[in-house]
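We're numbering straight along the sequence, starting at 1. No hydrogens, no waters, no symmetry mates; every other heavy atom, side chains included, goes into these values.
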Amino acid sequence: MKKNRVFVVIVFLVIITGVLSYLAINDSNSNGLDGKIGVAVSIGPEVEWVNAIGGNKVHVTLMVPEGADPHTYEPLPSQLIQVSSAKMYVEIGTPLEFETNYMDKIESANPNMLIVNSSEGIQLIPNSAENESTTMDPHVWVDPKNAMIMVNNIYNGLVQVDPKDKDYFQKNRDTYMAQLKQLDENTTKVLKDKNGTDILVYHPAFGYYAKDYNLTQVGAMLNDEEPSPQRIAMMVDIAKQNNITVLFNEPQYDPKFMQSIASQVGGQVLTVNDLDEHYIQNMMNVATAFSKA
């Protein structure tokens, strides 16, 4: 009788162990982590940066999806669930509305998650495109020089989360950093004849870029609001006065405003993207587009 009880207990323990193992595996697969480090990021460019450094050690969750506006986007409950299993969150760390409005909620979804301020060490510039000297420009990521600082901050965060893979992360960081330096050099070459050129963009996201590559950014959008007819008329006057015939719009914004200006100055509208996940290729495309101004 005693042997039967022992046998039943053993069978019971085996079954429980199997069920727990199955649930653990199923939970891992449902999160899409498969043993990788969960890293959540705010915007598209950070996806390439984290993947470039983390390689096959990371699983990246993007909070502001392609086509959405980080000035207005609100995280979904399903995204907060994904964040709850992340080891690290990479924030831009500037006055970007998505983060200023929702980082408290994101942090509360996972209080043990490491928060990495990717813009630490970057000197912010005034958001002069909005005529508010007290407002700092949040769009640090568009500048390849800033991207190098941000990538290194991400590297430091990954090492803190997973110190045993430091050499792996360092090798990946150095490889990607060389690509960013090449991007910077190529951008300088492509724009070398554009010193002081006016870049008329709908959304003034290229302030840091303009500063480092000697361009002058002119933004049609004011305070993240759709331009009024008076604002459009002002942009038409500026375009005529400065012989601007190439205008720029981003894919997350309706092109009708820039098309209206272009039609009145005999110009054209090209698309530039500050949020594309394929950072290096995209920023080279941006340089090529701005070279046509």
Check against side chain to side chain contact (heavy atoms under 4.5 Å, CB included), Met234 and Arg231: CA-CA 5 Å; Met234 181 188 298; Arg231 181 75 176 174; 3.8 Å; yes
Residues in side chain to side chain contact (heavy atoms under 4.5 Å, CB included) contact with Lys292, at least two apart in sequence or another chain: Leu270, Thr288
Distance (rounded to the nearest 0.5 Å) between Leu114 CG and Asn112 CG: 11.0 Å
Decide yes or no for Phe248 and Val286: does some side-chain heavy atom of the first lie under 4.5 Å from some side-chain heavy atom of the second? no
Output for pair (Asp276 CG, Asn285 CG), nearest 0.5 Å, gives 8.0 Å
Donor + acceptor pair across side chains of Tyr202, Asp254 (<3.5 Å): no
Please check: side-chain N/O of Gln252 versus main-chain N/O of Asp69, any donor-acceptor pairing under 3.5 Å? no
Side-chain contact, heavy-atom cut-off 4.5 Å: Val151 with Tyr155? no
So, taking the atom named CD1 in Ile122 and the one named CG in Asn146, what distance separates them when rounded to the nearest 0.5 Å? 4.0 Å
Would you give the length of the straight line joining atom CD1 of Ile280 to atom CG of Leu180, rounded to the nearest 0.5 angstrom? 4.5 Å
Where do Leu158 and Val39 land on the side chain to side chain contact (heavy atoms under 4.5 Å, CB included) test, with the steps shown first? CA-CA 9 Å; Leu158 285 173; Val39 181; 4.1 Å; yes
Would you please name every residue forming a side chain to side chain contact (heavy atoms under 4.5 Å, CB included) with Val47, sequence neighbours left out? Val41, Asn51, Val60, Leu62, Glu277
Evaluate the side-chain proximity of Pro204 to Met221: yes if any heavy-atom separation is below 4.5 Å, no if none is. yes
Could you state the interatomic distance from CG (Leu247) to OG1 (Thr271), rounded to the nearest 0.5 Å? 11.5 Å
Any side-chain heavy atom of Val64 within less than 4.5 Å of one from Leu275? no
In the structure I gave you, are the side-chain heavy atoms of Lys57 and Phe169 within less than 4.5 Å of one another anywhere? yes
Which pair of heavy atoms, one from Leu191 and one from Ala287, lies closest together, and at what distance? CD2-O, 3.6 Å
Under 3.5 Å donor-acceptor, Glu99 side chain and Leu96 backbone: no
Kindly give the heavy-atom pair with the smallest separation between Asn152 and Arg173, and that separation in Å. OD1-NH1, 2.9 Å
So Phe206 and Ile199, do their side chains get closer than 4.5 Å, heavy atoms only? no
Polar side-chain atom of Glu48 near backbone of Gly44 as donor-acceptor pair, under 3.5 Å: no
Heavy-atom pair with the smallest gap, counting every atom of Thr94 and Thr100: O-CG2, 4.4 Å
Pairs in or reaching into residues 114-124: which pass side chain to side chain donor-acceptor pair (under 3.5 Å), with residues at least two apart or in two chains? Asn117-Ser119
More than 12 foreign heavy atoms under 6.0 Å from NZ of Lys194: is that the case here? yes
Under the side-chain hydrogen bond (donor to acceptor under 3.5 Å, both in side chains) rule, collect the residues that match up with Asn56, sequence neighbours excluded. Tyr168
Any residue meeting ring-ring contact (aromatic ring centres under 6.0 Å, His included) with Tyr208, in chain and number order, not counting sequence neighbours: none
Is it true that, when you exclude Glu97 itself, more than 12 heavy atoms of the residues, nucleotides or ligands shown sit nearer than 6.0 Å to its CD? yes
Please list all pairs passing the salt bridge (charged side-chain N to carboxylate O under 4.0 Å, His left out) test where one or both residues lie in residues 142-154, with sequence neighbours left out. Lys145-Asp184
Across all chains, not counting sequence neighbours, the ring-ring contact (aromatic ring centres under 6.0 Å, His included) partners of Tyr209 are Tyr213, Phe290
Exercise: do Asn156 and Gln160 side chains pair donor with acceptor under 3.5 Å: no
How about Leu183 and Met284: do any of their side-chain heavy atoms sit closer than 4.5 Å? yes
Which distance, rounded to the nearest 0.5 Å, do you find between the CD of Gln230 and the CG of Leu222? 12.0 Å
Val83 backbone acceptor or donor facing Asn110 side chain under 3.5 Å: yes
Any idea which heavy atoms bring Ser291 and Val190 closest together, and the distance? CB-CG1, 3.6 Å
Residues in side chain to side chain contact (heavy atoms under 4.5 Å, CB included) with Ala205, at least two apart? His139, His203, Glu250, Asp274
Not counting sequence neighbours, which residues clear side chain to side chain contact (heavy atoms under 4.5 Å, CB included) with Ile115? List them please. Tyr89, Glu91, Met103, Glu107, Met113
Could you pull out the closest heavy-atom pair between Asn172 and Ala52, with the gap in Å? CB-O, 3.1 Å
Correct closest heavy-atom pair for Pro227 and Ile232 would be CG-CD1, 3.8 Å
Test Thr187 against Met283 for side chain to side chain contact (heavy atoms under 4.5 Å, CB included), laying out the working first. CA-CA 8 Å; Thr187 300; Met283 294 312 299; 5.8 Å; no
Would you call Asn249 and Val201 a side-chain contact if the rule is heavy atoms closer than 4.5 Å? no
Output all residues satisfying side-chain hydrogen bond (donor to acceptor under 3.5 Å, both in side chains) with Gln268, sequence neighbours left out; order by chain, then residue number. none
Please tabulate, one pair per line, all N/O donor-acceptor pairs under 3.5 Å involving side-chain atoms of residues 235-245, not counting sequence neighbours.
| residue | atom | partner | partner atom | Å |
| --- | --- | --- | --- | --- |
| Asn242 | ND2 | Ile238 | O | 2.8 |

I'd like to check the salt bridge (charged side-chain N to carboxylate O under 4.0 Å, His left out) partners of Lys87; sequence neighbours left out, ordered by chain and number. none
